[in-house]
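Any value given below was found using the heavy atoms of this structure, including those in side chains, with hydrogens, waters and symmetry copies removed. Order of the sequence lines sets the chain letters (A, B, ...), proteins ahead of strands, with each chain counted from 1.
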2 protein chains.
Amino acid sequence: MTLACSASPAVVDVKALLHQSPLFAGLDDTVLDEMLSHFRRETWKQGRQVTGLESGQRFHIILSGRLKMAQVNPDTGRMVTLFLLQPGDGFDVICLLDGQPDPLIFEARDDLLMLSTPMQEARRWIEQHPDFNRSFLPYLGQQMRTLANLAGDLALHDTETRLARLILRHIHHEQPDQPLRLIHNLSHESLAEMIGSVRVVVNRQLQHWQREGVVVTRRGELIIKELETLLKKAMHFPRHTPHS
Amino acid sequence: MTLACSASPAVVDVKALLHQSPLFAGLDDTVLDEMLSHFRRETWKQGRQVTGLESGQRFHIILSGRLKMAQVNPDTGRMVTLFLLQPGDGFDVICLLDGQPDPLIFEARDDLLMLSTPMQEARRWIEQHPDFNRSFLPYLGQQMRTLANLAGDLALHDTETRLARLILRHIHHEQPDQPLRLIHNLSHESLAEMIGSVRVVVNRQLQHWQREGVVVTRRGELIIKELETLLKKAMHFPRHTPHS
DNA sequence: TTTTTTCTGCTACCAGGGTTACACAGGCTG
DNA sequence: CAGCCTGTGTAACCCTGGTAGCAGAAAAAA
């Protein structure tokens, strides 16, 4: 019997997880139970793509796995990742808010376990539970902040800066004596989509840093050797505090 | 005595204006009055710049004039406009939501007349008036949608496409027989900031279109001659419906 | 194992668009 | 009126970063 992290999603302790998530942290246990009764489980397997139009009928809460929320240019085939949603996140929040369909694409980066409920039901529940806003509104603020920063970065900074920031933003706060590394097993392609660029460019940059001795790359792994240098490349104007 | 549009802001019919705005449209008249009692008037004259850190203490509602909400790169001095806020809009919404300071810049494009109240007060009022969410949440959705589209455009489309879209998005729906033109008296510089580019590039593009016969430019004015052509340049993937 | 697919490294190419610079127009101001 | 300042037209330059293409390594599937 293995100690599963995301391997055995069926036994996830839903309530414990939601209590840690920024969205439901403050909710009373009984209220949470009541809410959960409106939801049903739903699973997507890795790689599944769904457009905003299709998924727009239901609101989802991620229990395990990561979900890419992206925009596509059908002409060139290129993609930008707007959000990489994690357990505790909900989608599609924008559609939940204003009811309009989103021209977005959602793609399961891992096998996904989620809760889902009809959009209308979610809206109704939120209306009837004003206390939820105590955590919901700040959550929305964070999302908007992330989007604003993405837009700002895309318009104002070069790929090197953007890549450096992306990496730093995603460093897991592990034991400080361990060598710093990215846990996320993201391909260069994925990294590229997250900074609004292309695989070749990301690779080019990483190789460049590797020759400088700043990082070491192995397949699906990225080890930071000189954090200071990377910080300098990323810090070209005041940073926002990464949540949590 | 002149027929003032934004010239005599002192006599603006606040309640009428707010009833039209997406944020307060649905509010009861008595509730609106109660709300207004928490606010005080505030004026900024054109060109005034304020950072998010300074203005973060109060929440504002625009009554007349336009306000640029932008991000800056202190190294290059370049700017991106995230929002061009109009009468009926509020700011800073992100800070209102999560309480964190924004590394943004707010600049009055015209003389501004606004209502303002301490952030805390605004948050408290929202908490106590759950009905407000009926219009507030959709409003937030629109804002997020706008940001998402901006980020998407910046990453996926060239300057020509972005400029075409910007212009089309800002056409005032006037009498259809009149020649189409941009009311906003925006400089090329302003246009550039709104598409995350630079004056020279915008000018270059406009001249190019002018030689093609698509538009005619005069100082501070832009007349569209061939709407079809411009639409074709803008339409490279499914458009979202511009609000209102 | 062999085969297939997914990632990665690297090259040559070139064009979009950003930087800099200057001249002139129109509107303001004194 | 002269002066100033902001907005506009246009040129030369060149560099970042995107496209196309291929070959090998690693992983996954057969």
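Taking only side-chain atoms of A:His188, from C-beta outward, the nucleotide of D:dT10, D:dG18, C:dG9 with the closest atom is C:dG9. In the set D:dG18, D:dT6, C:dG18, D:dT6 carries the atom at the smallest distance from any side-chain atom of B:Arg219. The side chain of A:Ser187 lies closest to C:dC7, out of C:dG18, D:dG18, C:dC7. The listed nucleotides are D:dG18, D:dT10, C:dT19; the one nearest the side chain of B:Asn203 is D:dT10. Among the nucleotides C:dG9, C:dA21, C:dC7, the one closest to any side-chain atom of B:Arg199 is C:dA21. Candidate nucleotides D:dA11, D:dG18, C:dG18 were compared by shortest atom distance to the side chain of B:Val200, and D:dA11 ranks first.
Taking atom CG of B:Leu154 as the reference point, atom C1' of C:dG17 lies 14 Å away to the nearest angstrom. One can place CD of B:Gln207 at 8 Å from C1' of D:dT8, the figure rounded to the nearest angstrom. Rounded to whole angstrom, the span from the NZ atom of A:Lys45 across to the P atom of D:dA28 amounts to 16 Å.
Nucleic acid contact class of A:Arg78 (heavy atoms, under 4.0 Å, all strands): sugar-phosphate only.
Between A:Thr217 and C:dG9 there is a side-chain polar atom (N or O) within less than 4.0 angstrom of OP1 or OP2. Neither OP1 nor OP2 of C:dG17 sits under 4.0 Å from any side-chain N or O of B:Ser197. Side-chain N/O atoms of A:Thr159 include one lying less than 4.0 angstrom from OP1 or OP2 on D:dG17.
The minimum heavy-atom distance linking B:Leu82 with A:Ala151 is given by the pair CD2-CB, 4.1 Å. The shortest heavy-atom contact between A:Arg162 and A:Gly196 is NH2-O, 3.6 Å.
Side-chain atoms of B:Glu221 and B:Val216, non-hydrogen and from C-beta on, never get closer than 4.5 Å to each other.
The one candidate from A:Gln57, A:Arg41, A:Arg58 that meets the side-chain hydrogen bond (donor to acceptor under 3.5 Å, both in side chains) condition with A:Ser116 is A:Arg58.
Residues A:Asp158 and A:Thr161 bring a donor and an acceptor atom of their side chains to less than 3.5 Å of each other.
Residue whose closest nucleotide on DNA chain D sits further toward the 5' end, between B:Glu189 and B:Arg204: B:Glu189.
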